[in-house]
Trainee: 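My questions all concern the structure below.
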Amino acid sequence: MPELPEVEHVRRGLEPWAVGSRIESLRVLDPRILGTTSKRTVDATAVDRLTASVPGGLVEGACRRGKFMWLPLATGSVFPDSAPEVPAGWAVALHLGMSGQVRIHTADDAVHRHTRAVFDMRSADGAPWQMRFVDQRIFGHIGLEPLVTGLGSPRLVAASAARIAPDPFEDGFDAEGLARTLKGRRTAIKAALLDQGVVSGIGNIYADEALFAAGVHPAARTDRLRISRIENTLHAARAVMARAIEAGGTSFDELYVNVNGESGYFDRSLGVYGKAGSPCTRCGETVRSSTIAGRTSHWCPSCQKPQRRY
DNA sequence: AGAATAACCTGTCTGC
DNA sequence: TGCAGACAGGTTATTC
């Protein structure tokens with residue numbers, strides 16, 4: 001559920017707490033949260049290695065690219081005895097997956113049912129607090145990762161985000177150049193928007209909303225769209241996500257909340273997502289849905305006609 | 001190259 | 001009321 005606007009809202013909530021704080025200890029309540037894809041291969045020593053490594057880590061920032069988030073740690077503040085050779089340093093990586101949450105707590109707050117990991121933190125002024133990673137479905141992930149050079153810019157990113165393209169809010173994001181690249185590919189525009197190696201941060205909700213805003217059919221092939229239409233769609237994605245950030249993100253239930261457990265309200269502004277069978281707010285035509293690029297997609301057949309030619 | 005599938009999970013909702 | 005089945009905001013590996 002969390003796409004770029006939701007992750008950004010979490011990042012903004014976390015930043016003032018985390019930056020300048022030191023990690024005192026980490027408790028992993030469910031080892032599966034350390035896995036990325038093949039959860040079964042989380043080896044027995046992974047939890048011990050992680051919990052032994054992070055104490056002492058001094059948080060220097062709260063960063064995000066697309067849906068990936070990480071907290072860079074001060075050089076030398078982790079692995080006190082034998083620091084592995086990592087040129088650019090380490091970071092605590094946090095990916096929310098489908099149902100992940102980062103919550104700020106004090107030690108005596110009741111522990112939520114789906115809490116998978118608890119970081120005991122101490123702020124610069126000595127105040128203790130907890131960063132808890134809550135995740136119902138365990139598609140999320142936490143880890144201690146090296147910082148590496150990311151795609152498309154000299155920026156450092158956590159290793160798990162090494163193959164993630166810049167998101168539409170980064171300086172290195174080039175909508176026109178990207179539109180030209182996509183013109184040379186033969187894929188549904190929706191598949192391109194969802195491909196985090198092309199442009200990051202866009203998920204199923206904002207892909208559909210961006211396409212609706214731009215008046216482009218989700219199944220339209222990029223090689224059959226004018227470059228300007230592709231570029232407009234990318235600008236639309238940025239614009240719709242910017243509005244969602246302002247609204248605190250989109251949530252349909254309690255699965256997406258900010259660090260204080262509060263929901264966003266952008267769902268009230270959605271144009272087509274989840275509105276199959278309802279009249280289009282722009283023209284009154286009935287919104288349709290079907291599977292495109294492997295995901296349930298929503299569009300207005302009148303506002304988003306299939307593009308056959310230029 | 002790109003599409004389709006399955007896998008990783010838990011919870012909720014729908015229909016019989 | 002119970003139960004099977006479908007479905008959910010993401011990512012990755014594999015197969016065709």
Side-chain angles (χ1 to χ4, degrees), chain A residues 1-10 29-42 64-69 93-101 112-116 133-143 158-165 167 181-210 218-219 221-224 237 240-241 244-245 247-258 263-267 269-270 272-277 289-298:
Chain A
M1 86 201 189
E3 304 181 31
L4 187 153
E6 292 75 39
V7 178
E8 173 60 13
H9 221 240
V10 171
L29 281 54
D30 191 324
R32 293 175 296 179
I33 207 61
L34 305 192
T36 46
T37 46
S38 45
K39 310 278 187 180
R40 294 170 184 160
T41 66
V42 175
R64 181 190 57 71
R65 163 169 277 190
K67 305 166 194 170
F68 289 72
M69 187 163 43
L94 305 162
H95 195 291
L96 303 181
M98 288 278 265
S99 54
Q101 305 175 358
H112 184 282
R113 178 182 177 187
H114 299 299
T115 303
R116 311 301 182 184
F133 196 90
V134 179
D135 188 0
Q136 178 194 100
R137 293 177 69 182
I138 324 183
F139 285 172
H141 151 260
I142 66 169
S160 57
R163 295 190 300 188
I164 300 304
D167 67 52
T181 301
L182 289 175
K183 178 72 181 174
R185 292 178 46 167
R186 300 178 185 182
T187 184
I189 180 79
K190 170 136 182 190
L193 294 178
L194 291 176
D195 186 342
Q196 305 298 299
V198 170
V199 50
S200 67
I202 304 172
N204 205 31
I205 296 176
Y206 298 110
D208 282 1
E209 293 301 313
R221 279 173 43 163
T222 54
D223 57 322
R224 295 184 186 175
V240 70
M241 290 195 292
I245 291 171
T250 301
S251 51
F252 309 114
D253 48 38
E254 297 308 310
L255 276 189
Y256 166 69
V257 293
N258 67 13
S263 291
Y265 51 89
F266 192 69
D267 57 314
S269 305
L270 294 175
V272 288
Y273 187 87
K275 299 197 184 301
S289 77
S290 73
T291 299
I292 294 168
R295 309 293 296 278
T296 302
S297 304
H298 314 72

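Chain letters run A, B, ... following the sequence lines, proteins first and then strands; every chain starts at 1.
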Trainee: So is the aromatic ring of A/Tyr256 stacked onto the base of C/dG9, judging by whether the centres are under 5.5 Å apart and the planes are under 30° apart?
Mentor: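 No, the aromatic ring of A/Tyr256 does not stack with the base.
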Trainee: Distance alone, cut at 3.5 Å: any donor-acceptor contact between the side chains of A/Tyr206 and A/Thr250?
Mentor: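 Yes.
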Trainee: Give the nucleotide from the list B/dG11, C/dG9, B/dC9 with an atom nearest to the side chain of A/Gln136.
Mentor: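 That would be B/dG11.
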Trainee: In whole angstrom, give the distance that lies between atom CZ of A/Phe252 and atom P of B/dC13.
Mentor: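 Atom CZ in A/Phe252 sits about 14 Å away from atom P in B/dC13.
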Trainee: When we call it a touch if two heavy atoms are under 4.0 Å apart, what does A/Gly294 touch: a base, just sugar-phosphate, or nothing?
Mentor: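 Answer is nothing: A/Gly294 stays at 4.0 Å or more from every strand.
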Trainee: By the salt bridge (charged side-chain N to carboxylate O under 4.0 Å, His left out) test, which pairs, at least two apart or in different chains, include something from residues 198-210 of chain A?
Mentor: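 Sorted pair list: A/Lys190-A/Asp208.
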Trainee: For B/dA1, does the base pair up with any side-chain atom of A/Arg185 as donor and acceptor (N or O, under 3.5 Å, distance only)?
Mentor: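 When only heavy-atom distances are counted, A/Arg185 does not reach the base of B/dA1 through any donor-acceptor pair under 3.5 Å.
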Trainee: Expressed as a whole number of Å, how far does the P atom of C/dG2 sit from that of B/dC9?
Mentor: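 Nearest-Å result for C/dG2 against B/dC9 at atom P: 28 Å.
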Trainee: Would you mind reading off the distance between A/Arg163 atom CZ and C/dT11 atom P, rounded to a whole angstrom?
Mentor: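 A/Arg163 atom CZ is separated from C/dT11 atom P by 13 Å.
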Trainee: Can you tell me which stems involve DNA chain C, if a stem is defined as three or more consecutive Watson-Crick or G-U wobble pairs, both distances under 3.5 Å?
Mentor: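 Stem list for DNA chain C: B:2-8 with C:10-16, B:10-16 with C:2-8.
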Trainee: Rounded to the nearest Å, what distance is computed from the CD1 atom of residue A/Ile138 to the C1' atom of nucleotide B/dG11?
Mentor: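 After rounding, the gap between these two atoms is 12 Å.
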Trainee: Of the nucleotides C/dG10, B/dG2, C/dA8, which one has an atom closest to the side chain of A/Arg186?
Mentor: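 Within the option list, the nearest is B/dG2.
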Trainee: Distance-only, no hydrogens or angles: does the A/Gln101 side chain make a donor-acceptor pair with backbone N or O of A/Ser99 under 3.5 Å?
Mentor: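 No, A/Gln101 side chain to A/Ser99 backbone: no donor-acceptor pair under 3.5 Å.
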Trainee: Select base, sugar-phosphate, or nothing to describe what A/Ala293 touches, counting heavy atoms under 4.0 Å on all strands.
Mentor: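 Result for A/Ala293 = nothing.
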Trainee: Tell me what A/Ser251 touches on the nucleic acid: a base, only sugar-phosphate, or nothing, going by heavy atoms under 4.0 Å.
Mentor: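 It contacts base atoms.
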Trainee: Once you round it to whole Å, what is the distance between P of B/dA1 and CZ of A/Arg221?
Mentor: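 After rounding, the gap between these two atoms is 16 Å.
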Trainee: Which nucleotide in the list B/dC9, C/dT11, C/dG9 gets nearest to the side chain of A/Glu3?
Mentor: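 Out of B/dC9, C/dT11, C/dG9, the nucleotide with an atom closest to A/Glu3's side chain is C/dG9.
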Trainee: Suppose you measure atom P in B/dT10 against the same atom in C/dT1; what distance do you get, rounded to whole Å?
Mentor: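 Roughly 26 Å separates the two P atoms.
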Trainee: How many whole angstroms separate atom CZ of A/Arg295 from atom P of C/dT11?
Mentor: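 From A/Arg295 CZ to C/dT11 P: 9 Å.
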Trainee: Quick check for you: among B/dG11, C/dT11, B/dC9, whose closest atom lies nearest to any side-chain atom of A/Lys67?
Mentor: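 Selected nucleotide: C/dT11.
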Trainee: Side chain of A/Thr187: nearest nucleotide among B/dA3, C/dT11, C/dA8?
Mentor: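 Selected nucleotide: B/dA3.
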Trainee: Keeping the roles fixed (side chain from A/Arg137, backbone from A/Asp135), state whether a donor-acceptor pair exists under 3.5 Å.
Mentor: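 Between the backbone of A/Asp135 and the side chain of A/Arg137 there is no qualifying donor-acceptor contact (under 3.5 Å).
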Trainee: Using only side-chain N and O atoms of A/Tyr273, determine if any of them is under 4.0 Å from OP1 or OP2 of C/dG9.
Mentor: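 Checking C/dG9 against A/Tyr273, a side-chain N or O does come within under 4.0 Å of OP1 or OP2.
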Trainee: In whole angstrom, give the distance that lies between atom NE2 of A/His141 and atom P of B/dC9.
Mentor: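 Checked: the NE2 to P distance equals 14 Å.
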Trainee: So, A/Asn204 side chain and A/Thr296 main chain: donor-acceptor pair closer than 3.5 Å or not?
Mentor: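 Such a contact is found between A/Asn204 side chain and A/Thr296 backbone.
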Trainee: Given atom CG of A/Asp195 and atom P of C/dT11, what is their separation to the nearest angstrom?
Mentor: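 Result: 10 Å.
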Trainee: Choosing from B/dG2, C/dA8, C/dT11, which nucleotide comes nearest the side chain of A/Thr296?
Mentor: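 My answer, after comparing the listed nucleotides, is C/dA8.
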Trainee: With C1' as the reference atom in both, quote the distance from B/dA3 to C/dG9 in angstrom, rounded to an integer.
Mentor: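 Taking atom C1' in both B/dA3 and C/dG9, they lie 22 Å apart.
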Trainee: Verify, without hydrogens or angle tests, whether A/Thr222 (side chain) and A/Arg185 (backbone) share a donor-acceptor contact under 3.5 angstrom.
Mentor: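 Checked: pair present.
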Trainee: May I ask you to say what A/Phe68 touches in the nucleic acid, namely base, sugar-phosphate or nothing, with a heavy-atom cut-off under 4.0 Å?
Mentor: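 The answer is sugar-phosphate, as A/Phe68 gets under 4.0 Å only of primed atoms, P, OP1 or OP2.
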Trainee: Ignoring the backbone of A/His114, work out which of C/dG10, C/dT11, B/dT10 is nearest its side chain.
Mentor: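 Selected nucleotide (nearest to the side chain): B/dT10.
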Trainee: Sub-3.5 Å donor-acceptor pair from the side chain of A/Lys67 to the main-chain atoms of A/Glu6, do we have one?
Mentor: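 Looks like no, no N/O pair under 3.5 Å.
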Trainee: In whole angstrom, give the distance that lies between atom CZ of A/Arg32 and atom C1' of B/dC9.
Mentor: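 After rounding, the reported distance stands at 7 Å.
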